[in-house]
Number of protein chains: 2
Amino acid sequence: MARTQGSHSEITRPRVRAAALKLFAEHGYAAVSMRQIAREVGLQAGALYNYTPDKQDLLFSLMKAHMDELLAACSERVSQGDAMARLRAFVDFHITFHMGRADEIFIAYMELRNLTPENFETIEALRRSYENHLEAILAAGLSEGIFDVPDSKVTTLAVIAMLTGITTWYRPDGRLSPEEVSELYWNMVRKVVGA
Amino acid sequence: MARTQGSHSEITRPRVRAAALKLFAEHGYAAVSMRQIAREVGLQAGALYNYTPDKQDLLFSLMKAHMDELLAACSERVSQGDAMARLRAFVDFHITFHMGRADEIFIAYMELRNLTPENFETIEALRRSYENHLEAILAAGLSEGIFDVPDSKVTTLAVIAMLTGITTWYRPDGRLSPEEVSELYWNMVRKVVGA
DNA sequence: GTCTATACTCTGATAGAC
DNA sequence: GTCTATCAGAGTATAGAC
């Protein structure tokens with residue numbers, strides 16, 4: 001039997017995080033007050049501090065959790081086969097992973113400047129690590145002789161920007177299915193790397 | 001002879017706007033106070049209201065001015081020749097125009113959600129108009145038979161996202177000159193449109 | 001774990017003297 | 001056109017009852 005006291009916390013904590021995520025994505029970190037978050041969960045503002053030391057840590061821990069999940073899922077799903085297979089897997093992974101996480105992406109890209117310098121460095125390092133994953137694929141394809149890119153760093157950034165841009169317009173009830181989007185972008189990425 | 005009273009205003013107004021632009025880009029609209037802007041210019045907070053009805057209008061008018069400039073400059077510099085020539089001109093225009101305006105771009109993309117609904121609609125319409133400029137070029141190239149794109153809308157968004165992404169990493173004192181960047185991206189865009 | 005109450009600071013915006 | 005003074009409200013965070 002779980003303790004009654006503990007179980008309350010285990011239920012409320014995720015709700016606090018979910019509310020913060022939703023509100024930060026909708027209005028921006030700086031524009032959201034602790035009172036708003038509390039109201040969304042059905043608490044008083046003071047009660048939030050049982051779940052987070054402060055507002056900054058709430059933002060940081062949401063971003064950190066997102067980046068950790070991203071890197072873990074990427075490593076798991078993009079590691080098999082030659083450079084071509086891995087590039088295909090990366091494109092598909094990036095698109096599908098991001099489609100279900102519109103709020104997280106929004107925050108991860110928009111709220112970097114609201115992190116303290118130390119927290120920023122942590123997130124930035126994780127972001128670079130993700131970029132390196134793609135760049136390693138491009139480098140492998142180059143040495144295998146199946147890709148043709150004049151500058152692998154710039155190509156990496158261009159491809160990620162292109163793919164991440166999907167989140168600004170994709171809607172689940174829109175004209176294109178996730179599979180069609182993935183197919184269209186894979187076609188473009190394939191051309192960009194000269195494969 | 002210009003009147004003394006008038007000339008003060010003509011000097012201070014741009015300084016207020018420049019300060020707001022810089023601070024909004026650096027910390028985000030919601031995180032910047034009118035007192036901060038005033039301090040940057042060397043005024044008291046109340047004096048700002050000689051130059052703007054409120055904080056929201058300050059943001060909106062900065063974004064509006066940017067979009068108007070963007071569209072005017074684009075129309076002027078991207079209109080000559082066939083689809084291929086215009087696409088080349090568009091890529092070069094987008095890159096060079098955006099490189100000198102890091103703060104404006106940042107605001108134009110990040111602060112949309114801090115606009116009132118009416119202001120948002122205005123800016124959004126201008127943004128769509130810019131996208132349409134590129135899409136028209138792709139459509140022209142398609143009917144000329146020199147481009148090969150399966151979905152001109154998606155390709156438009158992908159190309160703009162790719163190009164705009166440059167602003168997140170480009171530094172004037174970095175490894176690449178503006179010309180080299182433009183050349184690299186033109187190469188990628190050319191491949192994407194199948195030319 | 002959550003509440004109420006509260007400390008203290010900052011917010012956007014206005015009024016009126018000069 | 002800029003200043004000082006001020007308003008009413010909202011900001012984060014804490015203390016202590018229950």
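Labels below follow one simple rule: chain letters A, B, ... track the order of the sequence lines, proteins then strands, and each chain is numbered from 1. Because the structure is predicted, anything quoted here is derived from the model rather than measured. What's counted below: heavy atoms across the whole structure, side chains too, no hydrogens, waters or symmetry copies.
- The aromatic rings of B/Phe93 and B/Phe97 sit tilted, their planes meeting at an angle between 30° and 60°.
- In this structure, the separation between CD on A/Glu179 and CD1 on A/Ile95 is 10.5 Å, given to the nearest 0.5 Å.
- Counting only heavy atoms from C-beta outward, the side chains of B/Glu135 and B/Lys153 approach each other to under 4.5 Å.
- Between A/Tyr29 and A/Phe24, the angle of the ring planes goes over 60°, which puts this pair in the perpendicular group of the 30/60° scheme.
- Atom CD1 of residue A/Ile166 and atom CG of residue B/Leu157 lie 10.0 Å apart, to the nearest 0.5 angstrom.
- Residues from residues 41-50 of chain B with heavy atoms under 4.0 angstrom of DNA chain C, sorted by number: B/Gly46, B/Tyr49.
- Using a 4.0 Å cut-off on heavy atoms, none of the residues of residues 19-31 of chain B approach DNA chain C.
- Across the protein-nucleic acid pair, B/Lys55 atom NZ and C/dT11 atom P stand 9 Å apart, rounded to whole Å.
- Taking the charged nitrogens against the carboxylate oxygens, B/Arg88 and B/Glu183 do have a contact shorter than 4.0 Å, which makes a salt bridge.
- The separation between A/Gln36 atom CD and D/dG9 atom P is 18 Å, rounded to whole Å.
- For A/Ser33 and D/dG11, the shortest distance from a side-chain N or O to OP1 or OP2 is below 4.0 Å.
- Distance alone, capped at 3.5 Å, is enough to place a donor-acceptor pair between the B/Arg15 side chain and the B/Val41 backbone.
- Of all nucleotides listed (D/dT2, D/dA13, C/dA13), D/dA13 comes nearest to the side chain of A/Asp54.
- Using a 4.0 Å cut-off between a side-chain N of Lys or Arg and a carboxylate O of Asp or Glu, A/Arg127 and A/Glu124 qualify as a salt bridge.
- Taking atom CE on A/Met34 and atom P on C/dC10, their separation rounds to 18 Å, with Å as the unit.
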